[in-house]
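Every chain is numbered from 1, with letters handed out A, B, ... down the list of sequences. What you see below is based on every heavy atom in this structure, not just the backbone, and it leaves out hydrogens, waters and symmetry mates. Remember, predicted model here, so these are calculated numbers, not experimental data.
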Number of protein chains: 2
Amino acid sequence: MQCNFVSVSPESDFSIQNLPFGVCTTSGSKAHHVTVAIGDYALNMATLAKLGLFQSIKGLDAESVFSKPYLNDYMSLGRSVWQAVRHELQDFLSNTHNALRSRISASDASVVTPLREAQMHLPARIGDYTDFYASREHATNVGIMFRGKDNALMPNWTHLPVGYHGRASSIVVSGTPLHRPNGQKRPDQTKPPVFGPSARLDYELEMAYFVGPGNNLGTPLTLQQAEECIFGAVLMNDWSARDIQAWEYVPLGPFLGKSFGTTISPWVVTMDALEPFRVPQPTQEPEPLPYLCDESGSPAGYDIRLAVDIKPKEGSEFYPLSRSNLKYMYWSLRQQLTHHAINGCNMRPGDLCGTGTISGPAEESFGSMLELSWSGQKDITLGDSGITRKFIEDNDVIRLSGYCQGDGFRVGFGQCVGEILPAKRA
Amino acid sequence: MQCNFVSVSPESDFSIQNLPFGVCTTSGSKAHHVTVAIGDYALNMATLAKLGLFQSIKGLDAESVFSKPYLNDYMSLGRSVWQAVRHELQDFLSNTHNALRSRISASDASVVTPLREAQMHLPARIGDYTDFYASREHATNVGIMFRGKDNALMPNWTHLPVGYHGRASSIVVSGTPLHRPNGQKRPDQTKPPVFGPSARLDYELEMAYFVGPGNNLGTPLTLQQAEECIFGAVLMNDWSARDIQAWEYVPLGPFLGKSFGTTISPWVVTMDALEPFRVPQPTQEPEPLPYLCDESGSPAGYDIRLAVDIKPKEGSEFYPLSRSNLKYMYWSLRQQLTHHAINGCNMRPGDLCGTGTISGPAEESFGSMLELSWSGQKDITLGDSGITRKFIEDNDVIRLSGYCQGDGFRVGFGQCVGEILPAKRA
Ligand SMILES: [Ca+2]
Ligand SMILES: [Ca+2]
Ligand SMILES: [Mg+2]
Ligand SMILES: [Mg+2]
Ligand code: NI
């Protein structure tokens with residue numbers, strides 16, 4: 001399928017096969033509204049709805065839902081509505097005989113805005129945010145550093161997707177700078193803790209997915225239901241202050257080492273767009289308990305190429321840090337969500353679940369500086385610039401990106417960017 | 001001060017000195033709206049606003065704010081508005097010359113509803129929910145059971161208020177029954193984990209406080225600012241499935257062992273009402289780092305008498321389980337909130353923070369069955385009924401209550417009640 005409404009380069013993240021959803025404001029539409037990306041443009045979904053593009057879709061009040069300043073209402077509608085909207089959009093963008101095409105030109109500013117002129121916002125009001133820990137390579141690397149090689153993976157790790165609740169209020173959209181956090185840390189184990197800016201500030205390469213319809217309190221989800229629940233995915237940088245985290249996290253888990261900010265990319269790539277990129281997940285041994293045992297159905301993994309790059313404060317260009325892939329993830333998205341709801345915990349539209357740091361087997365695939373510098377024991381060299389890092393320094397910019405490669409097109413996620421500003425004086 | 005609008009018994013939780021806020025529906029007002037309790041009655045704040053009771057208060061659009069189905073907007077307004085509203089209400093209830101008194105009688109159903117006819121709802125939309133672990137006695141008891149007497153308190157515990165993020169979606173209001181959760185547990189450490197209903201279901205006696213105005217991302221709170229931020233407090237039962245929790249919680253903390261449900265009482269007792277019941281907090285040794293060092297200002301503790309009772313499935317009356325007091329709490333509410341925001345984490349109106357289980361030095365003050373039955377090693381006897389418990393059984397009802405005793409009046413919290421229903425078949 002080809003877009004013939006605007007031109008889309010084969011290297012664009014936002015092909016007609018993608019059509020990711022976001023929330024934006026533009027100079028012409030100052031109210032937050034729902035948008036879909038195509039090529040270098042943002043489509044105004046509220047205007048398209050007013051023009052009647054989605055009028056035949058049952059169960060969708062498109063004018064109302066796409067005029068909202070968040071995607072939660074749209075996420076709540078479920079897969080059959082999402083697929084019908086995708087179908088109408090693809091027809092509009094590819095079929096010159098589409099009923100609406102004669103009435104709209106690509107230069108119509110009420111419908112089409114160049115991406116560089118669209119201000120992107122958080123795509124949803126995130127009720128609850130959960131972060132998993134589902135890459136075996138990442139959990140093993142961290143485990144070796146903290147507990148030694150023989151006790152790297154905790155006994156529960158291969159039996160369930162370990163996860164924890166994160167802070168929803170401090171999730172920000174790509175481009176939002178964050179201050180280096182202050183906090184308690186204990187650099188010298190023979191002395192009391194001290195207060196000050198984190199000296200071991202890190203990124204974590206993650207993806208995160210938004211829940212759609214969800215479930216009622218007390219009613220778990222099957223693997224099949226969990227899969228149907230997931231609306232789409234974004235890139236996520238789970239910024240981590242390793243020194244604060246190391247001191248605080250026993251016995252109740254990460255808290256202030258994470259909650260100073262978490263950055264997500266603005267475009268939510270739908271699971272329907274990711275469908276062609278399914279691959280088998282890694283073999284699971286031991287076999288999980290029956291509620292997590294994924295024997296039938298479509299492969300549960302996704303082949304999504306992921307990259308992290310850094311623009312160091314000394315430089316003006318980006319250098320590679322990590323090159324990974326979502327396919328390395330041991331526990332699949334639907335296993336994570338099924339486990340999350342097995343106790344009856346209710347998921348709501350707009351809830352966000354992170355996969356955990358996505359590390360693969362090769363060193364270049366490690367998804368954090370903690371792993372790349374092996375807890376600060378060695379330098380990470382940035383290309384041939386002569387610049388090195390162990391952790392993030394003030395005014396460094398970290399950029400996550402990712403895409404699936406189709407035959408002549410991409411389904412991409414855009415970017416998840418953040419600069420670390422110096423700590424404020426407390 | 002005496003209420004002369006309706007009669008209030010000296011044993012009532014809801015004296016004119018209290019005036020707690022909630023959200024209710026009644027047969028005459030089916031839309032959720034803000035209410036204040038006095039004696040055995042619920043006042044319709046939306047109607048009182050329409051009648052002009054709050055019209056002189058600057059910065060308050062009372063008709064709008066009290067017609068909302070949640071307290072978040074009111075919580076966001078800050079202490080000077082809260083105090084002005086409290087003043088107007090106390091004048092209306094105590095002063096027969098109050099301008100509005102001649103126009104309203106206590107039998108006016110648009111203003112006054114008997115409490116038993118008011119359906120109470122969650123008082124706020126809870127954006128983020130955090131649970132602390134701030135009772136030294138509780139942390140020590142749990143530590144002894146899990147790690148032995150010599151390693152009971154972790155090294156960080158006396159330096160910072162340990163806390164973790166909890167699940168906001170599954171917080172329910174008093175009276176909502178919950179199903180016993182299913183999940184993974186590993187009762188036999190020599191065998192793999194098994195799946196099934198929790199066999200070690202527990203309550204936790206806690207209080208929780210709602211954040212008012214909050215802070216912007218990146219801007220910490222001082223102790224003084226944190227204190228100003230807190231709107232009021234409720235009772236909280238942090239239901240806990242100990243077997244699920246024990247298996248899952250390493251290394252990232254409690255997750256499904258808690259997220260199946262958390263119950264709070266419906267009436268938010270304001271910090272202004274609790275003001276006369278301040279007491280010094282326990283001595284802190286070692287002295288906390290400067291940002292947590294509470295040397296000046298009002299005492300940081302509160303003398304709030306707390307009780308947990310059980311109505312076992314075999315019986316028709318309640319028997320005592322725990323008798324505790326908020327004054328035992330090692331880390332004060334303002335220390336908890338200051339620590340929470342020290343990394344720049346933003347607090348939003350309606351965020352909820354739990355204190356952690358409130359245990360005191362005496363055995364009868366232990367705030368959980370885990371402690372009372374010493375991890376199931378001994379029976380808890382229920383009065384002289386001959387009934388015993390180690391953990392909660394199906395169809396048991398757990399009831400939390402609490403109050404401050406004034407001179408001839410009480411400032412009380414009402415009840416936080418929940419019945420555990422049998423597990424659903426997964
Ligand atoms: Ca993470
Ligand atoms: Ca607790
Ligand atoms: Mg984070
Ligand atoms: Mg709970
Ligand atoms: Ni068609």
Highest number of heavy-atom pairs under 4.5 Å with chain B among Pro181(A), Gly166(A), Gly214(A) belongs to Gly166(A)

Among the options Gly163(A), Ala341(A), Gly143(A), Ser198(A), pick out the one with the most heavy-atom pairs lying under 4.5 Å from chain B. Gly163(A)

Taking Asn156(B) for its side chain and Val250(A) for its backbone only, find out whether a donor-acceptor pair lies under 3.5 Å. yes

If you measure from CG on Leu252(A) to CH2 on Trp157(B), what distance do you get to the nearest 0.5 Å? 11.5 Å

So which part of Leu289(A) gets closer than 4.5 Å to some heavy atom of chain B, the side chain, the backbone, both or neither? side chain

Given that the side chain runs from C-beta out, which part of Asp351(A) has a heavy atom under 4.5 Å from chain B: side chain, backbone, both or neither? side chain

Tell me, for Ile244(A) versus chain B, whether the close heavy atoms (under 4.5 Å) come from the side chain, the backbone, both or neither. neither

Does any heavy atom of chain B fall under 4.5 Å from the side chain of Leu178(A), the backbone, both, or neither of them? side chain

4.5 Å side-chain heavy-atom contact, Leu292(B) and Gln184(A): yes

Greatest number of non-hydrogen atom pairs under 4.5 angstrom with chain B, of Pro286(A), Gly218(A), Gly344(A), Ala241(A), falls to Gly218(A)

No-hydrogen, no-angle side-chain donor-acceptor test under 3.5 Å, Asn343(B) and Ser259(A): yes

Taking atom CG of Leu160(B) and atom CD of Glu248(A), what is their separation to the nearest 0.5 Å? 7.5 Å

Once the angle between the rings of Phe255(A) and Phe132(B) is folded into 0 to 90°, is it parallel (under 30°), tilted (30 to 60°) or perpendicular (over 60°)? perpendicular

Using heavy-atom distances under 4.5 Å, tell me whether Pro290(A) contacts chain B through its side chain, its backbone, both, or neither. neither

Pair Tyr129(B), Asp128(A) - check side chain to side chain contact (heavy atoms under 4.5 Å, CB included), show working. CA-CA 9 Å; Tyr129(B) 155 52; Asp128(A) 277 290; over 6 Å; no

Under a 4.5 Å heavy-atom cut-off, does chain B meet the side chain of Arg186(A), its backbone, both or neither? side chain

Chain A interface, residue from His179(B), Arg125(B), Met347(B) that has the most non-hydrogen pairs under 4.5 Å: Met347(B)

If one checks every heavy atom of Thr176(A) against chain B at 4.5 Å, the contacting part turns out to be neither

Using only atom types and a distance under 3.5 Å, with no angle test, would you say the side chain of Asn346(A) pairs donor to acceptor with the backbone of Ser169(B)? yes

Tell me the closest heavy-atom pair linking His165(B) and Pro254(A), and the distance in Å. CD2-O, 4.2 Å

Is there side-chain contact between Arg167(A) and His340(B), with at least one heavy-atom pair below 4.5 Å? yes

Output for pair (Leu217(A) CG, Ile171(B) CD1), nearest 0.5 Å, gives 11.0 Å

Look at Pro155(A), Pro192(A), Gly183(A) and state which one has the largest set of heavy-atom pairs under 4.5 Å with chain B. Pro155(A)

Heavy-atom distance under 4.5 Å between the side chains of Tyr291(A) and Asn182(B), does that happen here? no

Where Pro251(B) and Met154(A) come nearest, the two heavy atoms and their spacing: CD-CG, 4.1 Å

Looking only at Ala139(B), Ala423(B), Ala168(B), the option with the highest number of non-hydrogen pairs under 4.5 Å against chain A is Ala168(B)

Go through the atoms of Val172(A) and report whether side chain, backbone, both or neither lie under 4.5 Å from a heavy atom of chain B. side chain

